[in-house]
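The analysis underlying the following values was restricted to heavy atoms, covering all of them including side chains, and did not include hydrogens, waters or symmetry mates.
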Amino acid sequence: MGRRLFAERNYNVVGKVVPFSDFKMCADLPDGFKINPGQYPFLIERAEKLLTADIPQLIATDYMRFKRDGNRTGYESKCFPRRAMALELALAEHIEGKGRFLDKLIDVVWLILEETTWVIPAHNPDKEGVNTCLPYAYTGHVDYIDLFSATTAATLSCIYYLCHDHFDKITTIINDRILFELNRRIVEPFMKDEDLYNSWWTGYGEKPINNWCPWIVSNVLTVCALAVKDTATRTMIVKRSLPLLDNFTETYHDDGGCDEGPNYWNAAGGALYNACVALYDLTDGYVNIYDDPLFKNMGEYAVKAVVTNKRVLNFADSPCLTKPNAALLYHWGKSCDSEMMVNYARGRWKGGLPGMTGDPNIPYRSLRFLCMERSPAAEFKPLKKFYLDGLKIAGTRETDEINKGLYLALKGGHNLENHNHNDLGNIIVFSNEDPIFIDAGNGKYTRRTFSEDRYKIWSMSSDYHNCATFNGIPQKEGKQYRSANEQYDEESGKLTLDLTYAYPTECDIKHYVRSAVLENGEITIEDDVELNNEGSVMFNFLVNKAPEAVSETTFTLYGRTVTFDPSLEYKIEELDCTDEEVARLPSTWDTDAMRRIILTAKAPTKGKKYVLTVK
Amino acid sequence: MGRKVFAERGYNVAGKVVPLSDFKMFIDTPQGFKINETQIPAIIERGEKQLKAEIPQPLAHEYMMFRRDGNRSIYEGKFFPRRGMVMDLALAEYVEGKGRFLDKLIDVLWLILEETTWVVPAHNPSKQGVNCCLPYAYTGHVDFIDLFSATTAATLSFVYYLCRDKFDTVTTLINERLLFEINRRIVEPYMNDADLLAKNWWSGVNGNAVNNWCPWIISNVLAVCALTVKDQFTRTMLVQKSLPLLDNFTSVYHDDGGCDEGPGYWNAAGGALYNACVALYDLTGGYVNVFDDPLIKNMGEYAVKVVISHNRVLNFADSPSRTNPNAVLLYNWGKASNSEMMTTFAQSRMGGKLPIMGPDTSLPYRSFRFLCMDTPEAAEYKAPSKFYLDGIIIAGSRENPDPQKGLYLALKGGHNAESHNHNDMGNVIVYADGKPVFIDAGSGKYTRRTFNNERYTIWAMCSDYHNCATFNGVTQPAGGKYRSSDEQYDEATGKLTMNLKTAYPPESDIDTYVRSAVLQDGVITLEDDVKLNSEGTVMFSFLVTKAPESVEGNSFVLQGRTVTFDPTLEYKIEELTCDWPEVVGIPGGWETDVMRRITLTTKTPTKGKKYVLTVK
């Protein structure tokens with residue numbers, strides 16, 4: 001599957017890369033890089049608050065916690081704010097230029113430059129025979145780039161771009177050291193084949209790649225654009241970035257859907273957009289894939305995944321409360337001529353200029369966003385139905401008004417998606433803005449989140465998604481566990497999935513097909529189950545509150561009546577949210593306790609067609 | 001002048017340096033490195049205190065302050081406590097061994113290892129064409145060692161020595177990085193002759209005069225060598241290279257052993273040489289041993305000689321007045337050099353009790369030796385009635401061996417290019433019953449100005465703010481040619497006489513000027529024999545900590561003693577402005593709100609006479 005967008009266009013960037021001294025950001029804008037003065041008060045106010053803020057101190061035992069007890073937030077919650085502080089102070093100094101933010105800015109920048117590594121504990125690479133609870137990269141040589149060493153470098157590059165003249169008035173040592181550290185920590189390992197091929201995110205190894213690839217590459221391109229002076233090195237960085245980005249686009253279906261979920265979209269597709277903007281500027285418009293349909297679909301995916309004004313279709317690994325980045329959608333939509341994307345953003349802003357600041361994770365595009373003009377209001381009408389035929393996600397809504405009527409989505413795919421949850425056949429139902437059946441979503445990351453114990457976290461497991469369980473056995477992870485024979489009815493929006501292969505053989509399934517449709521103000525979910533022998537069948541539904549009323553074959557949630565097969569027995573239980581990975585889930589669903597409704601076959605059965613309706 | 005103490009003995013250390021795996025500290029003592037049990041509760045207590053303390057975060061703008069406005073104490077106020085923390089925690093973990101100090105220890109240690117430089121802002125070297133308000137040594141290459149990069153390295157060497165096994169149970173990366181940073185920041189520049197010549201003035205390799213920096217740094221490099229350097233050739237070369245550099249230091253001393261930097265520096269000048277000698281002894285299995293050299297002994301005894309009273313020292317040169325000589329250092333040094341003066345003085349100060357000591361992050365090697373010492377017996381010390389340091393030209397006399405009783409007199413000659421110089425030729429200090437009559441204000445806080453061309457705009461550095469004479473409004477300049485000469489010391493009376501015409505420039509219009517001072521029969525007599533070429537003014541300055549109790553005619557009473565001066569002189573007193581940061585702390589050191597200067601000035605133009613002043 002998948003396309004290599006850059007290779008298809010046969011770019012040869014030699015001679016096309018703009019030298020450092022001529023480089024301009026936002027080459028396609030009439031004024032180039034010029035922050036909209038409408039953003040000044042907001043930017044100054046934020047920076048003024050930082051003037052009196054303590055700079056967090058990063059300590060070794062916080063770093064060591066990841067290997068010790070799996071905690072990563074102790075360190076990250078000190079590390080990330082340093083980056084944000086630096087970028088916001090630099091922006092304020094850049095626009096005001098009176099020097100009052102400069103000392104604090106230098107303090108933060110210098111501390112960042114002194115950090116042994118910019119790689120966060122969870123990504124600190126191993127070294128044979130050494131407990132790498134601390135970084136081994138203290139000798140000057142760096143052989144690995146992670147997401148956050150790249151974001152740190154890109155942030156420092158933007159700070160350099162914004163404030164290098166101010167720094168030089170104090171001492172040339174600040175700029176000299178910024179460039180030295182960027183070269184040492186980013187450019188050198190990026191230019192070294194051996195180190196790069198050992199970095200899984202490049203796609204040169206066995207492991208499938210994800211958002212890391214464009215996220216890192218786009219930030220390396222930012223470093224290249226703003227902080228690399230040698231033209232040969234600039235050219236080589238650009239040249240080497242294109243096939244890496246192709247390794248990423250190649251993992252996408254033509255539908256542009258992000259199998260990591262809508263929350264990662266910002267840093268997956270959104271990072272590809274970031275790379276494209278930087279590449280455009282770096283080659284003065286020569287590298288330009290904005291008109292590619294895949295590129296456009298990758299952007300529109302985020303709009304399609306909007307459920308209500310505050311919630312998204314959080315299949316895969318995503319919190320439910322994410323709102324897609326409107327500024328990103330607006331600019332991306334403009335670049336690839338997508339009315340859906342532009343209108344969504346305009347619908348959010350209602351004609352106002354949104355207050356923005358620099359984004360230390362994906363800074364290049366964020367500086368561009370700061371230059372935007374106010375845009376007229378527009379009404380956003382969500383699609384009444386969509387189908388992502390690559391990811392196997394279908395969505396239907398009763399009206400073209402957001403927050404009104406029923407909403408249904410069903411998901412197929414396979415259980416080796418990026419950041420996979422075991423969730424084949426998962427169903428999401430909303431009524432107006434209220435969640436009926438939900439995907440609990442993702443919580444806090446710990447060491448366990450990405451270890452072999454991942455599926456011991458309940459929120460990763462199919463019996464804690466709105467899926468079926470047979471003979472007490474849930475789905476397993478792995479690419480062989482998948483949906484098959486997907487059939488989408490363009491007319492009704494009905495999606496039918498054969499889920500026989502989503503389960504291991506111990507489930508004793510002969511045949512299992514699920515379909516879901518929203519038609520005439522009613523959702524119908526059909527589960528056609530046939531077991532080899534008599535056994536148990538159980539359907540799980542996650543809800544954020546207990547039903548208002550329950551009868552033999554119905555219950556009421558948010559005023560809607562759910563009717564289920566009379567051979568099933570209703571039960572409800574509260575879910576244990578004490579593990580730190582899931583502790584925040586209830587609050588994202590505006591509740592004190594997550595609950596699971598279980599509909600279980602009352603007697604051993606070889607199966608039947610189970611029908612559930614919501615109306 | 002001066003002797004090369006190590007070269008004289010023709011040491012060849014090749015083959016004598018103990019390998020790291022066999023190395024032991026304090027091999028001359030029966031117990032070796034074994035901390036005295038009585039020290040342990042305080043060690044734990046300090047460790048516990050550090051567990052609760054916040055780790056200071058030194059910032060770039062604080063580093064830059066030194067170049068911007070001269071302030072060095074804000075950065076240092078965060079830099080030094082980090083060293084104290086890491087040492088206290090390591091020692092507590094070492095003695096207790098339960099792991100409860102380990103995490104915090106690793107945190108502080110790692111932050112120190114991450115610091116761009118261990119050189120303090122005031123010592124950050126310059127680089128042509130660059131404003132070095134921040135360190136340029138961020139690339140990995142280090143070309144300069146200062147006092148505090150060396151003390152940091154020595155401190156971390158002890159942290160390694162004490163806790164390396166515990167670190168390895170967490171991860172080997174801690175020890176590996178510690179050794180990497182020590183090698184990069186200390187061993188490499190020390191072994192690089194080009195860097196030593198180009199940047200490291202303190203080594204004296206250019207033939208320049210050195211001061212306390214030399215033994216202070218070298219003794220700490222030797223501590224690094226002793227405790228962390230694994231390669232046997234490097235160990236040997238470090239020791240071999242250190243001996244002639246230490247000779248550059250001993251050769252700036254006169255045979256009298258007097259420290260021209262003043263008693264405040266003695267601890268880190270001679271005291272650092274002692275530190276180096278202890279480390280060298282251990283490093284060479286006792287082969288390098290200069291403790292019996294009379295110069296080494298005199299360098300130690302100097303600190304005893306300059307004691308005035310229980311809490312004051314003779315703070316000629318650059319020293320606060322309230323420095324107490326380090327009794328533990330004196331005791332151990334006195335034992336090593338067989339000096340009864342040092343050991344008895346130290347024993348009297350300790351009073352039969354072992355003081356509770358901390359590990360010292362400035363000179364850690366000897367401080368660990370001190371932590372292992374047994375309690376010395378009490379002893380009575382009788383201060384000698386007089387002494388004379390004929391090299392640095394300081395004479396002192398006292399009326400009574402009890403330092404709190406009777407009159408005390410000291411007079412200083414020398415020259416005005418001494419280390420940390422003050423312009424103070426002919427300065428006279430008088431105490432009565434342990435209380436200050438005429439004082440040397442002493443040194444204050446260091447700023448950028450303290451060591452740049454504005455040094456002598458600070459009044460505490462100038463001769464008219466010492467107890468010296470001023471002629472025609474002209475004070476002593478700085479420079480080696482402004483000096484005392486023809487010094488004569490009378491062994492019988494302790495009277496010191498010196499020609500001070502040579503301490504003043506020609507504009508002062510001096511024909512002859514001789515000052516003498518003697519304490520005899522309960523009376524101090526200060527004689528100034530002045531002859532000017534033409535009629536002019538003569539002014540004598542005296543710094544005092546308080547206004548006289550009474551003033552009458554040509555006498556005044558201070559600390560109960562009557563000072564009588566020549567009737568041709570007019571008495572005036574003034575309060576001194578102490579708002580500059582360099583002098584703001586001085587009144588507090590003298591337990592007063594305000595420093596005062598008494599001036600005695602000729603009432604009419606004069607060609608001079610013999611002016612006599614007495615204190616009784």
Contacting moiety of [X], where chain A heavy atoms sit under 4.5 Å:
X: B/Glu181; result: side chain
X: B/Leu111; result: side chain
X: B/Arg67; result: neither
X: B/Ile174; result: side chain
X: B/Val170; result: both
X: B/Pro58; result: backbone
X: B/Thr116; result: both

Hey, what do you get for [atom1] ([X]) to [atom2] ([Y]), rounding to the nearest 0.5 Å?
X: B/Glu54; Y: A/Asp54; atom1: CD; atom2: CG; answer: 7.5 Å
X: A/Thr61; Y: B/Leu105; atom1: OG1; atom2: CG; answer: 11.0 Å
X: B/Leu134; Y: A/Arg177; atom1: CG; atom2: CZ; answer: 9.0 Å
X: A/Lys104; Y: B/Leu59; atom1: NZ; atom2: CG; answer: 8.0 Å
X: A/Glu114; Y: B/Leu113; atom1: CD; atom2: CG; answer: 11.5 Å

Shortest non-hydrogen contact from [X] toward [Y]:
X: B/Ala60; Y: A/Ile106; result: CB-CG2, 3.8 Å
X: B/Gln57; Y: A/Ile55; result: NE2-O, 3.0 Å
X: A/Glu181; Y: B/Tyr138; result: OE2-O, 4.2 Å
X: B/Leu173; Y: A/Leu134; result: CD1-O, 2.9 Å
X: A/Thr171; Y: B/Asn131; result: OG1-O, 2.7 Å

Quick one: are B/Asp107 and A/Gln57 in side-chain contact, heavy atoms under 4.5 Å?
->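 Side chain of B/Asp107 against side chain of A/Gln57, heavy atoms only: no contact under 4.5 Å found.
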
What option among [options] has the most heavy-atom pairs under 4.5 Å with chain B?
options: A/Val108, A/Ile170, A/Asn131, A/Asp107; value: A/Asp107
options: A/Met64, A/Glu115, A/Arg68; value: A/Arg68
options: A/Thr139, A/Thr172, A/Thr132, A/Leu102; value: A/Thr139

Whether over 12 other heavy atoms sit under 6.0 Å from B/Gln232 CD |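 Buried by this count: over 12 neighbours within 6.0 Å.
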
Name the region of A/Arg184, side chain, backbone, both or neither, that has any atom closer than 4.5 Å to a heavy atom of chain B.
-> neither

Which answer fits A/Ile173, side chain, backbone, both or neither, if we ask what part of it has an atom under 4.5 Å from a heavy atom of chain B?
->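 Looking at A/Ile173, backbone and side chain both touch chain B.
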
Could you please spell out the steps behind the side-chain contact (heavy atoms from CB on, under 4.5 Å) verdict for B/Tyr136 and A/Asp176?
-> CA-CA 9 Å; B/Tyr136 63 79; A/Asp176 287 348; over 6 Å; no

